[in-house]
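Input: a single structure, listed below in structure tokens.
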Amino acid sequence: AVLRDDFRQNPTDVVVAAGEPAILECVPPRGHPEPTIYWKKDKVQLDDKDDRITMRGGKLMISNTKKSDAGMYICVGTNMVGERESETAQVTVFERPTFIRRPINQVVLEDETVEFRCQVQGDPQPNVRWRKDDIDVPRGRYEIKFEKDDYVLRVKKATVNDEGTFTCVTENRVGKLEASATLTVRAAPQFVIRPRDQIVAQGRTATFPCEAKGNPQPAVFWQKDGSLNLLFPNQPQQPNSRFSVSPSGDLTISSVQRGDAGYYICQALTVAGSILAKAQLEVTDVLTDRPPPIIRQGPSNQTLGVDSVALLKCQASGNPIPSISWLKDGVSLLGKDLRMSLQELGSLQIRNIKLSDSGIYTCVATSSTGETSWSAFLEVKESGGAIIMKNHDENELPGPPSKPQITDVTKNSVSLSWQPGLVGASPVSSYVIEAFSQSVSNSWQTVADHIKTTQFTVKGLRPNTIYLFMVRAVNNQGLSDPSPMSEPVRTQDISPASSGCETTDTCRRNLAYSCWFRLHNPVVLGPTTIQVTWTVDRQSQFIQGYRVLYRQSSGLPSPGPWLTQDVKVPSERGVILSALKKGIVYEIKVRPYFNEFQGMDSESKTARTSEEAPSAPPQQVTVLTVGNQNSTSISISWDPPPPDHQNGIIQEYKIWCLGNETRFHVNKTVDAAIRSVVVGGLQVGVVYRVEVAASTSAGVGVKSEPQSIFIGKEFRDVIIHGNRNNSITEQITDVVKQPAFIAGIGGACWVILMGFSIWLYWRRKKRKSLSNYAVTFQRVDGGLMSNGSRPGLLNASDPGYPWLADSWPATSLPVNSSSGGPNDLGNFGRGDLPSGQGDKTGTMLSDGAIYSSIDFTTKANYNSPGQTSQATPYATTQILHSSSIHELAVDLPDPQWKASLQAKQEMASLGYSLPEKTSCNNSKKFYNGITLPFISE
């Protein structure tokens, strides 16, 4: 029977998701008889009674895995020989993400806070992220937090733009799951077009426009004040009914009758709220409704010669058609002179004019509604001095302006605006405004001229009076045709008695209690504009207008003074505040007024204008070095940007320290409360440019001007702002950092290193060649002599022998502080030997032989007569006299000694002094505490 040790196939690790099958396989070792297989889990044999576990041959399959199936599995092969266990395989069972809580659909009003929550579980713990309409939600607008096991998406002050589908996406390594919910934001209705008061004659048609917006789209319907009947768009029209409402919300009253006069209320209704607006219909008689005739083009001033033909134009229109008559100097002309005739369109022709025809001619257009006149001066001169003035071509005159629009009405003024017409032969230089009121006169009156703009306020009007207006353009050729007439407009009535205000207290009381209105949440339109709207629940006849008050409640100054903007039309329900500061919270309220009387304020609302990145850099940026010259830290300080340029709340400051290469850059971000920072770890020898910028929630603002500073030994604490010239040090630094310069320096170093290596090799080889000859010396009476077994000095009595380099190791010399007299060679021997050892071989000598090569063929060269003439030291060594140090002057040896100069220098470096001939200087050399006689020639 046989059972081998090694499994032919070991089971491998398995990672599955809960509910999925897990399969482990193994092939047992070869054996005889063929081994059988069973499995162990966590060292306990598996029981195949579990329906989920199947074992066939070497395969283990677990269906519908559970977390409890995770563990360490071993395949065991067994026969009669014994058992063999496979390598361990780990089964890991993960759980796919599942939702414990799903986000739910929500419907909210504008400016409310919305929260979507989802709670998940899984193994490993799944990640969670949020999407809006298949796009990851932006962090700036939406707040995402983890609170009490819930992943929360919070929307503050929801708007219609936040509507959509929000999806909670959870994912781990074994699965992904999503859950969605919708957000619906209900916006209160707002008027896009408000109805205006109408003055209509009997039998005419009156139209009151009214358009509203909201979410959902509001339902618009009309009601006459005091009536219970409601008029809806697309409502089937009753037989003989003169009232209808269009799908857009306009109320049309056809064949107006006197009984139709009164207030009409337009109401817009949604589930988010309702608003209403009133407009008055005033019905007048047919005759009083018609204005007097209009003279489109009248006569112009002319200067003509005697006997010529004069043509004075006059073109009039009106309903009914007016009749034309002419006056000269206020006296009727027609029928008195046959030379004068009336043309078809009303123009006056005078043939064979005389000097007596000179005068003021007036065209009068008359109808049952009134009359209108236009005058011009005709001057007749002798033919020799006459200046012929021709009538202007209509194409040379400017085109008529557009119909004037009423923009504001007070008790004695009306504000108008219009658009210019076509340009004639020359540009329009000014405008003329004409007005008509039946209660003032029965003709058109010029109320303003030389107007340079396309808007004007006509003042000096009567209160509670109906007016009509039209505008003409003027250029160098004359006046244009009149514009279409404006809608009738009634100035306000300020009489307390006629308005129901018998006393001042009554007016105040009516303003305080008869007008109920509420202020909507302001809408931020941009960084400097806010739209303010309000709803009037009960309109009062005592309101002349509304005063919008607003002030700054954040930033400096806070709170600021109250500013006002008046809405002078009582039917208006909104205003746009402009020229506001960016990123500032404003407090807003509305107050009704009637002349000098003011009503109660509405509740206050706040709104913050949107922020922008700061438009100016931080001020007073200063850069200083920290510590000593070699410091690599700098201190940076600054002041905030000017308040008017911060454009919001500063969140942080960003600092850039930019080196001349990207790898030297150092950036830093600090909180808005910090005004200075120390930046360390800068590179020595690098010029840094320091920039600072403020940052709001909208982004990073303008950077300050770069401030340069050099890190190193040569630096300036502060570089003056505006200096852009690089110093010489900076230029040298830039050159040194160039790759070509660094490569050149490296190459030069390599050449020097190779030269030194070659020299060292040559020197060692030369010294090695000296090992062919060895001599030793010992001390005897009268000097030094050769000793075949002991190293020492050459015979001092033989002047021809040179000193050998490295023949007297300093480490073997005993210390002796005694000094000998001059030329006392015995002292040399006795001083170098211990007491009682004068006759023996000196113990100062090295125990081992030192071998040196000597070329005796050059012996004669060492015995130079010139050497005895003067003592010249060949080396210098420090001489130590107790506590003082003296230096010996060194003279260069004679030329004949140059060959051995190198050897002498080497011995001198080891602390040797070499005697030459027999003379000794009385001075001694000291080396490391060893007394040596100083030998001179």
Side-chain angles (χ1 to χ4, degrees), residues 527-528 552-560 579-585 608-662 664-727 729-730 733:
T528 60
Q552 180 178 331
S553 60
S554 69
L556 295 175
S558 177
L580 304 178
K581 295 182 179 180
K582 301 173 183 177
I584 296 296
V585 177
R608 179 190 294 274
T609 54
S610 57
E611 294 187 351
E612 288 187 349
S615 55
Q619 306 296 297
Q620 304 298 327
V621 177
T622 304
V623 183
L624 301 171
T625 55
V626 178
N628 55 26
Q629 290 183 350
N630 297 325
S631 174
T632 60
S633 299
I634 60 175
S635 173
I636 307 168
S637 61
W638 63 89
D639 290 335
D644 292 341
H645 295 277
Q646 293 182 7
N647 299 340
I649 298 176
I650 295 179
Q651 306 286 343
E652 58 189 14
Y653 290 95
K654 294 185 178 293
I655 300 101
W656 293 270
C657 299
L658 307 177
N660 47 17
E661 295 183 24
T662 305
F664 297 140
H665 292 354
V666 177
N667 299 335
K668 199 172 185 68
T669 301
V670 298
D671 190 75
I674 297 175
R675 296 290 185 271
S676 65
V677 67
V678 175
V679 179
L682 303 181
Q683 188 71 24
V684 175
V686 175
V687 178
Y688 283 90
R689 292 178 293 104
V690 180
E691 300 174 346
V692 184
S695 176
T696 65
S697 61
V700 180
V702 179
K703 295 180 181 180
S704 64
E705 290 293 330
Q707 304 259 348
S708 300
I709 188 166
F710 180 76
I711 305 300
K713 292 183 179 180
E714 297 181 4
F715 65 96
R716 292 166 290 175
D717 282 346
V718 182
I719 305 300
I720 304 300
H721 170 71
N723 184 9
R724 294 291 182 272
N725 297 326
N726 292 333
S727 66
T729 303
E730 295 170 354
T733 302

Problem set entry | Side-chain touch Ile709/Thr625, heavy atoms, less than 4.5 angstrom | yes
Exercise. Taking atom OG1 of Thr528 and atom CG of Leu580, what is their separation to the nearest 0.5 Å?
Worked result: 6.5 Å
For this session: Starting at OG1 of Thr669, measure out to CD of Glu652 and round the result to the nearest 0.5 Å.
Result: 5.5 Å
Exercise. Are any non-hydrogen side-chain atoms of Arg608 and Val585 less than 4.5 angstrom apart?
Worked result: yes
Which donor-acceptor pairs under 3.5 Å do side chains of residues 634-642 form with protein atoms, sequence neighbours excluded?
none

Problem set entry | Where Pro618 and Val702 come nearest, the two heavy atoms and their spacing | CD-O, 4.0 Å
Exercise. Counting heavy atoms not belonging to Glu661, are there more than 12 under 6.0 Å from its CD?
Worked result: yes
Problem set entry | Atom pair CG (Asn660) and NE2 (His665), whose distance is rounded to the nearest 0.5 Å | 9.0 Å
For this session: Enter the distance from Tyr653:OH to Ser676:OG here, rounded to the nearest 0.5 Å.
Result: 11.5 Å
Exercise. Roughly how far, to the nearest 0.5 Å, is NE2 of His645 from CD of Gln619?
Worked result: 8.5 Å
Throw together a table of side-chain donor-acceptor distances under 3.5 angstrom for residues 679-692, partners on residues two or more places apart or in other chains.
from   : atom 1 : to     : atom 2 : distance (Å)
Tyr688 : OH     : Phe664 : O      : 3.2
Tyr688 : OH     : Gln683 : N      : 2.9

For this session: Over all heavy atoms of both residues, which pair between Asn667 and Cys657 is shortest? Give the atoms and the distance, please.
Result: OD1-N, 4.1 Å
Exercise. Mind checking whether Pro527 and Thr609 have side chains closer than 4.5 Å, heavy atoms only?
Worked result: no
Exercise. Looking only at heavy atoms, what is the nearest atom pair of Ala613 and Ala698, with distance?
Worked result: N-CB, 3.7 Å
For this session: For the pair Thr696 (side chain) and Glu612 (backbone), establish whether a donor and an acceptor sit closer than 3.5 Å, ignoring hydrogens and angles.
Result: yes
Exercise. Hey, does Ile649 have a side-chain heavy atom less than 4.5 Å from the side chain of Ser697?
Worked result: no
Exercise. Hey, are the side chains of Lys581 and Asp644 touching, using non-hydrogen atoms and a 4.5 Å cut-off?
Worked result: yes
